[in-house]
There are 2 protein chains.
Amino acid sequence: MPIATSSVRRAVSRPKPSSAAPVKPGVFPDAKHDHGACVKSALQRAEDICTAKDVRLTQIRRQVFELVWQSHNPVGAYDVLEGLRDGQRKAQPPTVYRALDFLMEHGLIHRIESLNAYIGCAVPGDEHAGQFLICRDCGVAAELLDKRIDDAIGKGAKAAGFSIERPTVELEGTCAHCRRIKRGHKHRD
Amino acid sequence: MPIATSSVRRAVSRPKPSSAAPVKPGVFPDAKHDHGACVKSALQRAEDICTAKDVRLTQIRRQVFELVWQSHNPVGAYDVLEGLRDGQRKAQPPTVYRALDFLMEHGLIHRIESLNAYIGCAVPGDEHAGQFLICRDCGVAAELLDKRIDDAIGKGAKAAGFSIERPTVELEGTCAHCRRIKRGHKHRD
DNA sequence: GGACAAATGTTATATTGTAACGTCACCTGA
DNA sequence: TCAGGTGACGTTACAATATAACATTTGTCC
Ligand SMILES: [Zn+2]
Ligand SMILES: [Zn+2]
Ligand SMILES: [Zn+2]
Ligand SMILES: [Zn+2]
């Protein structure tokens with residue numbers, strides 16, 4: 001069999017060196033974006049960050065990281081556990097929770113409190129607590145870094161004499177894509 | 001035998017202003033405020049609202065409501081369950097969760113996602129999702145209704161084409177009172 | 001290699017939340 | 001008056017999420 005895959009142009013070659021930023025904050029990922037590129041880029045950044053901080057992205061931690069990044073939907077700890085078990089290991093809950101704790105501690109993933117679930121950080125390496133837009137139809141979550149929101153929250157807290165240390169902003173609703181679909185069903189496009 | 005035992009239903013009257021408002025949104029309750037007044041006023045408003053909406057604030061629901069209002073700290077469902085059991089009953093989890101669901105559905109309490117806990121609403125009777133300031137030292141939570149925050153969040157979501165249906169804003173940190181105490185310990189007042 | 005700490009394994013259990021079905025009281029309409 | 005429906009609650013069992021405690025392995029430094 002010829003190696004040539006006829007109509008595929010350059011598709012077999014590497015999808016551009018990691019510099020491409022496939023996931024941007026504040027943007028809902030397109031339904032058919034190159035998610036492999038998301039994962040690859042996220043992994044590269046995670047490795048860089050761990051190297052810079054001189055902490056170890058071990059095999060398990062990397063696997064958990066990849067499982068969290070398996071989609072743009074927040075994923076539960078026990079789903080991650082399932083994923084780990086699909087491999088050779090027979091992991092237990094503490095294994096997963098320890099890896100998740102490590103990844104959160106170093107800003108590589110976030111926890112979505114309203115879902116008891118975890119999602120890859122779109123902007124790792126910088127101390128922040130994003131705001132999350134979570135679509136109740138497709139389940140996708142997009143991370144915002146909106147200065148206006150941070151400012152407004154900061155002012156509100158200050159007025160009450162309150163000092164914020166860990167903000168949680170999770171906005172459940174519907175993304176533009178899912179609303180288009182629903183409208184389509186109602187009046188035929 | 002009387003057929004109608006003074007039905008609670010069908011009593012459509014307007015929610016009375018019920019005056020005294022011991023808990024205000026945006027304010028951390030003082031350490032030694034008259035909390036009995038908080039509870040009394042909250043209960044009165046709850047009753048007015050249920051009457052106006054023609055739904056029943058049954059014995060159990062009222063008890064759960066009072067247990068949630070036992071302090072200004074969010075309280076877990078199983079703590080409420082304990083409280084119910086201290087009485088005569090031997091309640092089970094579904095009893096508590098049903099009551100909590102009812103109270104949330106009618107805007108009388110809120111759920112704090114980041115704590116898996118529940119707290120009385122400071123401004124019931126009007127559709128809203130407050131913002132919560134939660135002190136990690138004393139555990140007290142204060143509800144804000146900050147229009148600037150709502151606006152900023154609305155704009156951020158709109159820019160992403162996202163339609164918010166259920167916002168969650170929970171700000172963990174330290175209240176002014178607890179910070180004063182801590183400063184006092186450091187440099188002797 | 002020996003000492004030490006970090007990472008992981010392992011077992012058991014805690015905490016939070018639901019499904020499913022039964023009972024009972026009350027209302028409604030024939 | 002009573003059949004049938006509905007809403008609230010009781011009861012049992014279980015699902016889903018998370019952690020405590022201790023044993024063992026792995027990596028690192030000297
Ligand atoms: Zn992607
Ligand atoms: Zn982030
Ligand atoms: Zn009070
Ligand atoms: Zn409220």
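Since the model is a prediction, treat every value here as computed from it, not as a measurement. Each chain gets a letter, A, B and so on, in the order the sequences are listed, and its residues count up from 1.
- A donor atom on one side chain and an acceptor atom on the other are not found under 3.5 Å apart for A:Thr168 and A:Glu113.
- Of the candidate nucleotides D:dC9, D:dA8, C:dT18, D:dC9 has the atom nearest to the side chain of B:Ile60.
- Residue A:Tyr118 contributes atom OH, which lies 8 Å from atom C1' of D:dA18 at whole-angstrom precision.
- Closest heavy-atom contact between B:Ala152 and A:Arg148: CB-O, 3.6 Å.
- In terms of phosphate contacts, A:Thr58 brings no side-chain nitrogen or oxygen within less than 4.0 Å of OP1 or OP2 of C:dA7.
- Distance CG (B:Leu57) to P (D:dG7): 18 Å, rounded to an integer number of Å.
- Between B:Tyr97 and the phosphate of D:dC9, there is no side-chain N or O to OP1/OP2 separation shorter than 4.0 Å.
- Between A:Asp137 and A:Arg179, no side-chain nitrogen of the basic residue sits less than 4.0 Å from a carboxylate oxygen of the acidic one, so the salt-bridge criterion is not met.
- Stacking annotation: B:Tyr78 is stacked on the base of C:dT16 (ring centroids less than 5.5 angstrom apart, interplanar angle below 30 degrees).
- For B:Lys90, whose side chain is taken as the heavy atoms from C-beta onward, the closest listed nucleotide among D:dA18, D:dC9, D:dT11 is D:dT11.
- Within the nucleic acid shown, A:Arg98 comes within 4.0 Å of at least one base atom, counting heavy atoms only.
- OP1 or OP2 of C:dT8 sits under 4.0 Å from a side-chain N or O of A:Arg61.
- A close approach under 4.0 Å does occur between a side-chain nitrogen or oxygen of A:Arg111 and OP1 or OP2 of D:dA18.
- Following rounding to the nearest Å, A:Asp79 (CG) and D:dA16 (C1') show an atom-to-atom distance of 11 Å.
- If you take CG of A:Leu81 and P of D:dT19, they are 14 Å apart, rounded to a whole angstrom.
- A close approach under 4.0 Å does occur between a side-chain nitrogen or oxygen of A:Thr95 and OP1 or OP2 of C:dG9.
- Considering every non-hydrogen atom in both B:Arg56 and B:Phe102, the closest pair reads O-CZ, 3.5 Å.
- Straight-line distance from the CD atom of A:Gln92 to the P atom of D:dT17: 16 Å, rounded to whole Å.
- Put simply, CE on B:Met104 is 11 Å from C1' on C:dG17, counting in whole angstrom units.
- Which of D:dT11, D:dA20, C:dG17 sits closest to the side chain of A:Pro94 comes down to D:dA20.
- Using a 4.0 Å cut-off between charged nitrogen and carboxylate oxygen, B:Asp151 and B:Lys155 do not count as a salt-bridge pair.
- We find that CG of A:Asp101 is positioned 15 Å from C1' of C:dA6, with the value rounded to whole Å.
- Note: CZ (B:Arg56) to C1' (C:dC27) measures 10 Å, nearest angstrom.
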